[in-house]
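Just the heavy atoms: all of them, side chains too, but no hydrogens, waters or symmetry mates, feed the values below.
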Amino acid sequence: MLQEIIAGYNVILASNSPRRKELLKGLGINFSIPSNFDVDESFPADMNPEYVPVYLSAKKSDGYPQALSDKDILLTADTVVIKNGIILGKPENASQAFDMLSMLSDGMHKVVTGVTLKSSKHRKSFSCITEVEFDFLSEEEIYYYINKYSPYDKAGSYGIQEWIGYVGIKSIRGSFYNVMGLPVQMLYRNLKEFVKNSINDNYL
């Protein structure tokens, strides 16, 4: 069990996302949340959009300002929504949110999350892709969602766990939780491997 393997380690979730906090808590892992720290989240303009989240998760990891001890595991993540090769970030206002949701309506898009695990000796990054298909969304439905749920802190302007996910999503191929912001099954497997490698190093 991961809980037994990870006992004695301090997992640090460097994220302000309430969804990531909820999902990591659901794994039964104790973790801490550090103070905010600034990271430049720019990326090369010619980078494949699917590579951007893991690139940014590694950049966030490198930007963590505190030294890590042998018992620290830093977890950073980044999630993007991709439609027709275009990255849809977090909307700044209702107009941007409407445009994004209109673009996602009646079609398929990808949600990609990049995750980086880092200790004093190791770093490992991985990513997860989920394909999400939306039904047609009317203007009335889009405005209802925006006005009631204010999705300004969410990539692509929507939260799959909210009303719009109930009424709008026709199909999902891949991890549901990845769309929320953290591919917990893949994280569980990678955390076990990461900690085991760290333990083996300590006995070399």
Hey, can you pull the donor-acceptor pairs under 3.5 Å for the side chains in residues 81-91, sequence neighbours left out?
| residue | atom | partner | partner atom | Å |
| --- | --- | --- | --- | --- |
| Lys83 | NZ | Met108 | O | 2.9 |

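A continuous path of hydrophobic side-chain contacts links Ile33 to Met180 [ILVMFWY only; heavy atoms under 4.5 Å]. By the rule that hydrophobic residues join a cluster once side-chain heavy atoms approach within less than 4.5 Å of another member, Met47 and Val80 end up as members of one cluster. Both Met103 and Tyr149 are assigned to one and the same hydrophobic cluster, defined by single-linkage of ILVMFWY side chains at heavy-atom distances under 4.5 Å. With hydrophobic clusters built from ILVMFWY side chains whose heavy atoms lie under 4.5 angstrom apart, Met186 shares a cluster with Ile172.
In this structure, the side chain to side chain contact (heavy atoms under 4.5 Å, CB included) partners of Lys25, at least two apart in sequence or on a different chain, are Phe31. Under the side chain to side chain contact (heavy atoms under 4.5 Å, CB included) criterion, Ser69 pairs with Lys71, Asp72, sequence neighbours left out. Not counting sequence neighbours, Glu139 has no partner by the salt bridge (charged side-chain N to carboxylate O under 4.0 Å, His left out) test. Every residue two or more places apart in sequence or in another chain was checked for a salt bridge (charged side-chain N to carboxylate O under 4.0 Å, His left out) with Lys192, and none qualifies. Partners of Phe126 under the ring pair (Phe, Tyr, Trp, His ring centres under 6.0 Å) rule, at least two apart in sequence or in another chain, do not exist in this structure. With sequence neighbours left out, Tyr51 forms a ring pair (Phe, Tyr, Trp, His ring centres under 6.0 Å) with no residue at all. For the salt bridge (charged side-chain N to carboxylate O under 4.0 Å, His left out) test, residues two or more places apart in sequence or in another chain that qualify with Arg123 are Asp62. Under the rule for a ring pair (Phe, Tyr, Trp, His ring centres under 6.0 Å), the partners of Tyr64 that lie at least two apart in sequence or sit in another chain are Phe37. Listed by chain and residue number, Lys154 satisfy the salt bridge (charged side-chain N to carboxylate O under 4.0 Å, His left out) test with Glu162 (two or more places apart in sequence, or in another chain). By the ring pair (Phe, Tyr, Trp, His ring centres under 6.0 Å) test, Tyr177 is found to be paired with no residue, residues two or more places apart in sequence or in another chain being considered.
Atom-to-atom distance recorded for Ser15:OG and Leu24:CG is 9.5 Å, nearest 0.5 angstrom. The line from OG of Ser127 to CD1 of Ile129 is 5.5 Å long, rounded to the nearest 0.5 Å. Taking CG of Asp40 as the reference point, atom OG of Ser42 lies at 3.5 Å (rounded to 0.5 Å). To the nearest 0.5 Å, the span separating CZ on Phe194 from NZ on Lys118 amounts to 10.0 Å. Between Ser138 atom OG and Glu140 atom CD the span is 5.5 Å, to the nearest 0.5 Å. Separating the CZ atom in Arg19 from the CD1 atom in Ile160 is a distance of 12.5 Å, to the nearest 0.5 Å.
Put simply, the side chain of Ile12 does not reach to within 4.5 Å of the side chain of Ile73, judged on heavy atoms. Side-chain contact check for Glu41 versus Asp78: some heavy-atom pair is nearer than 4.5 Å. In this structure, Leu13 and Lys21 have side chains that are in contact, with non-hydrogen atoms separated by less than 4.5 Å. Using a 4.5 Å cut-off on side-chain heavy atoms (C-beta onward), Thr76 and Lys59 make no contact. When side chains are defined from C-beta on, Glu193 counts as touching Asn197, because their heavy atoms get closer than 4.5 Å. Counting heavy atoms from C-beta on, the side chains of Pro44 and Tyr55 come closer than 4.5 Å. Residues Phe176 and Thr130 have side chains not in contact (no heavy-atom distance under 4.5 Å, counting atoms from C-beta outward). Side chains of Lys148 and Trp163 form no contact here, defined as non-hydrogen atoms less than 4.5 Å apart.
For Glu50 and Lys110, the salt-bridge test passes: some basic side-chain N is under 4.0 Å from an acidic carboxylate O. In this structure, Asp38 does not pair ionically with Lys60, as no charged nitrogen and carboxylate oxygen lie closer than 4.0 Å.
Evaluated for a side chain to side chain contact (heavy atoms under 4.5 Å, CB included) with Tyr158, the options Val132, Leu137, Ile146 yield exactly one hit, Val132. Between Leu187 and the options Ile29, Leu23, Leu27, a side chain to side chain contact (heavy atoms under 4.5 Å, CB included) holds for only Leu27.
In this structure a side-chain-to-backbone donor-acceptor pair under 3.5 Å is missing from Ser105 to Leu101. For Arg173 (side chain) and Glu131 (main-chain N/O), no donor-acceptor pair under 3.5 Å exists by modelled atom type. With Asn16 contributing its side chain and Asn36 its backbone, the two residues share no donor-acceptor pair below 3.5 Å.
Taking both residues in full, the closest heavy atoms of Ala14 and Leu74 are given as CB-CD1, 3.9 Å, listed atom of the first, atom of the second, then distance. Nearest heavy-atom pair across Leu68 and Ser120 is O-CB, 3.4 Å. Gly114 approaches Pro53 most closely through the heavy-atom pair N-CB, 3.4 Å. When all heavy atoms of Leu75 and Leu117 are compared, the pair lying nearest together is CG-CD2, 3.9 Å. Contact between Pro183 and Val115 at its shortest, heavy atoms only, is CD-CG2, 4.1 Å. Nearest heavy atom pair, residue Gly159 against residue Ile164, reads O-CG2, 3.8 Å.
Its side chain outside the 4.5 Å cluster rule for every partner, Phe136 clusters with none of the Ile, Leu, Val, Met, Phe, Trp and Tyr residues.
There is a side-chain donor-acceptor pair under 3.5 Å between Thr113 and Asn178. Side chains of Thr116 and Ser61: no donor on one and acceptor on the other come within 3.5 Å.
Counting non-hydrogen atoms of other residues, nucleotides and ligands closer than 6.0 Å to CG of Asn30 gives a total of 12 or fewer.
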